[in-house]
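The structure presented is a predicted model; accordingly, all values stated were derived computationally and were not measured.
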Amino acid sequence: MKDIELKPISSEVKGNFSSTASEDAQFSNDAPSSGWERFVDSFRRQEASEAAGKQLQKGISKRHLILMALVTGVGTGLLVGSGKVLHNAGPLFLIIGYAIVGSFLYPTLQAAGEMAVNYSDLSGGYNNYPRKFVDESLAFAITWNYCIQWLSVIAIELVTAAITIQYWTTKVNPDVWVLIFYIVVLFINFYGSKGYGEGEFVLGSCKLLMITGFIIMAIVVNVGGGPRGEFIGGRYWHDPGYYTNFKGLCTVFVTGAFSLGQSEFVALSAAEQSNPRRAIPTACKLIFWRVFFLFLGSLTMVGLLVPYKSDRLMGSGGGGSHASPFVLAAELHGVPVVPSIINAVILLSVTSVASSSLYSASRTLQSLAEQNFAPSYFNYIDKAGRPLRSLIACSIIGCFCFIAAYKKQETVFNWLLAISGLSQLFTWFGICMSHVRFRAALRYNNISLDSLGYVASTGVWGSIYAMTWHVLILIAQFWIALFPVGSGKPDAENFFQQYLGAIVLIFFYLGHKIYTRNWTLFIRVQDMDIHTDRTIFDEEVLNLEKQEEAERFKNSSLPKKVLNFMFS
């Protein structure tokens with residue numbers, strides 16, 4: 001094997017260099033002078049000798065990433081899809097199901113953060129890890145599944161927007177509203193990663209404020225401070241009850257995975273951050289507070305204010321107009337104005353998630369092309385640092401969202417939701433398995449963990465714990481897909497609807513195996529190339545930084561120590 005020269009660098013130097021190089025590429029002396037000429041020129045291919053993935057615009061700051069870690073992906077799954085699982089599982093199992101998903105999401109994100117910092121320039125981020133550390137066919141299948149997932153989510157979110165607007169009016173064709181939101185999504189993404197970051201920051205702030213306000217309102221209403229002045233407490237936990245059955249609990253996991261999807265985005269965006277070593281660890285730590293406060297906190301209050309047998313819950317199958325459980329929590333107890341505010345924020349939320357989905361799908365397609373898993377035509381980065389051709393292709397496929405005018409839009413919504421949720425589990429499984437194999441390669445090559453820019457706090461055992469839950473949930477989903485809730489007989493249509501994601505994964509995996517005729521299941525540890533694309537840090541510099549941080553923590557005040565422990 002040809003020797004590879006490894007040059008130690010520090011993340012600060014690396015970040016500044018990348019930013020400067022990007023600016024030099026965009027504002028050279030040969031650049032067009034007028035604004036229109038610069039705009040047109042920005043769509044031309046970026047000429048550079050480095051890999052396409054390294055040419056992406058470094059437009060996502062730590063400020064953007066922190067808010068993304070808290071609220072990116074908070075949309076349909078939590079604000080709307082939770083209604084169906086509340087109806088199927090009851091309030092207690094709803095909370096338990098989301099808590100279980102959160103318990104294995106945290107080590108998954110820690111694993112993703114470790115590899116993202118140490119392979120920050122690797123195109124496609126965690127979608128490329130299985131190719132380096134596990135198996136090329138598995139990487140091919142998971143990455144295509146991930147790309148299809150987020151292409152589906154664009155439609156899910158914008159269909160949800162059309163359903164939500166029906167709360168106010170049903171006179172306007174739903175596709176009119178879809179068109180408006182779709183134009184906003186396209187504008188945010190074609191502006192580049194900096195525009196995407198700012199858009200997510202603004203929309204994410206609205207989501208964060210709404211959920212915080214909802215929790216405060218729900219507590220006040222529950223203890224008797226609402227317009228009707230009645231104490232509610234745990235009334236709905238007694239009648240109609242606080243759980244249904246074990247099968248109901250099993251229905252929570254996939255929707256929970258979909259709701260918490262895009263949490264791993266902090267790793268995908270590593271190539272577009274100026275200093276990933278500083279930003280990613282903080283963002284990964286915030287995932288705990290995202291799960292505990294935004295999800296478990298808000299869903300606990302929903303379960304206290306909305307009876308799980310209400311036929312007005314979205315996905316309940318009952319009569320009447322269906323609504324988000326967050327809207328019903330206010331509406332059922334006579335709180336004025338708030339339902340409209342929540343619906344307005346749901347519209348902002350689904351627009352935000354649709355934007356994130358287009359962003360993720362386009363970067364994934366570009367990564368697929370760079371890995372020779374998709375036509376090289378899509379491996380095109382323009383002078384503004386956008387994966388232009390991938391972005392255009394994903395935008396065209398996103399036009400499927402105009403299915404909103406279809407009369408059975410809820411049926412379409414449930415199909416897309418089930419496909420996407422299962423795909424999320426495959427992605428997380430790929431991250432954890434890659435992390436376990438990465439650590440094995442480090443041991444084989446006698447590379448100390450002290451030389452890594454970031455080390456996952458949950459270690460290898462955290463990844464093994466997460467993988468165990470991934471497998472158990474796939475088994476549970478197989479059971480409820482074949483024998484759906486409320487039926488003791490096998491249902492073929494429901495099975496293919498609920499398990500289509502797994503079928504797609506197997507199809508891509510076997511198809512790649514047959515095409516390449518490579519029947520090995522794993523890359524042997526001695527054959528792993530852990531050096532290419534790896535960011536090498538100076539171990540002495542890292543040790544000095546750790547000592548300085550420990551000294552600063554020791555000398556800081558108690559409130560500052562608490563904040564530092566919780567958020568940085």
Side-chain angles (χ1 to χ4, degrees), residues 76-104 218 222 232-260 291 295-329 331-333 410-411 413-415 417-418 420-422 424-425 469-470 472-495 497-499:
T76 297
L78 174 65
L79 303 176
V80 180
S82 57
K84 183 177 181 179
V85 290
L86 172 61
H87 177 77
N88 289 334
L92 177 62
F93 281 175
L94 175 68
I95 296 168
I96 291 175
Y98 269 82
I100 289 173
V101 175
S103 74
F104 64 75
N222 186 262
I232 299 168
R235 178 191 304 172
Y236 297 128
W237 282 52
H238 295 285
D239 182 21
Y242 55 89
Y243 74 99
T244 55
N245 49 47
F246 180 70
K247 187 178 283 188
L249 173 62
C250 292
T251 65
V252 179
F253 298 130
V254 170
T255 301
F258 174 74
S259 302
L260 287 161
V291 173
F295 283 79
L296 297 184
S298 62
L299 289 174
T300 298
M301 300 316 302
V302 164
L304 290 172
L305 296 181
V306 181
Y308 78 83
K309 288 188 177 180
S310 171
D311 64 356
R312 295 188 59 195
L313 279 170
M314 180 71 72
S316 65
S321 59
H322 292 176
S324 157
F326 287 76
V327 173
L328 283 181
E331 199 172 62
L332 291 175
H333 301 285
E410 281 192 29
T411 303
F413 173 87
N414 290 330
W415 269 89
L417 185 64
S420 302
L422 209 56
Q424 191 67 60
L425 289 172
W469 271 111
H470 297 154
L472 290 175
I473 290 173
L474 288 173
I475 294 171
Q477 183 66 12
F478 184 90
W479 176 45
I480 62 174
L482 191 58
F483 299 95
V485 175
S487 174
K489 298 180 180 180
D491 187 329
E493 181 182 351
N494 187 74
F495 175 80
Q497 182 191 67
Q498 300 292 329
Y499 229 68

Should the ring pair F253 and W469 be called parallel, tilted or perpendicular, given that the plane angle runs from 0 to 90° and is split at 30 and 60? tilted

Test V85 against V254 for side chain to side chain contact (heavy atoms under 4.5 Å, CB included), laying out the working first. CA-CA 10 Å; V85 290; V254 170; over 6 Å; no

Exercise: identify the closest heavy-atom pair between L474 and Y499: O-OH, 2.7 Å

Please check if the number of heavy atoms outside F483 that lie under 6.0 Å from its CZ is greater than 12. yes

Applying side-chain contact (heavy atoms from CB on, under 4.5 Å), can you list everything that pairs with P484, at least two apart in sequence or on another chain? S487, D491, N494

With no hydrogens and no angle check, is any side-chain donor or acceptor of T251 less than 3.5 Å from a backbone partner on G248? yes

Give the C-alpha distance, both sets of side-chain angles, the deciding distance and a yes or no for side chain to side chain contact (heavy atoms under 4.5 Å, CB included) between I232 and L304. CA-CA 8 Å; I232 299 168; L304 290 172; 5.8 Å; no

Between C250 and I480, the two heavy atoms sitting closest are O-CD1, 3.6 Å

Does Y308 form a side chain to side chain contact (heavy atoms under 4.5 Å, CB included) with N88? I'd like the steps, not just the answer. CA-CA 8 Å; Y308 78 83; N88 289 334; over 6 Å; no

Parallel, tilted or perpendicular: which fits the ring planes of H333 and Y236, with parallel below 30° and perpendicular above 60°? tilted

Report the distance from atom CG of L78 to atom CG of L299, rounding to the nearest 0.5 Å. 5.5 Å

Just by modelled atom types, is the F295 backbone N or O under 3.5 Å from a matching donor or acceptor in the S298 side chain? yes

Distance-only check: which donor-acceptor pairs under 3.5 Å involve side-chain atoms of residues 89-103, not counting sequence neighbours?
residue	atom	partner	partner atom	Å
Y98	OH	S259	OG	2.8
S103	OG	I100	O	2.6
S103	OG	Y465	OH	2.8

Where is the tightest heavy-atom contact between K309 and P240, given as atom of each residue plus distance? CD-CB, 3.7 Å

Atom of S82, atom of T255 and distance for their closest heavy-atom approach: N-CG2, 4.5 Å

In Å, rounded to the nearest 0.5 Å, how long is the span from CG of L305 to CZ of R235? 10.0 Å

Is there side-chain contact between L332 and P307, with heavy atoms separated by less than 4.5 Å? yes

Does F495 CZ have over 12 foreign heavy atoms under 6.0 Å away? yes

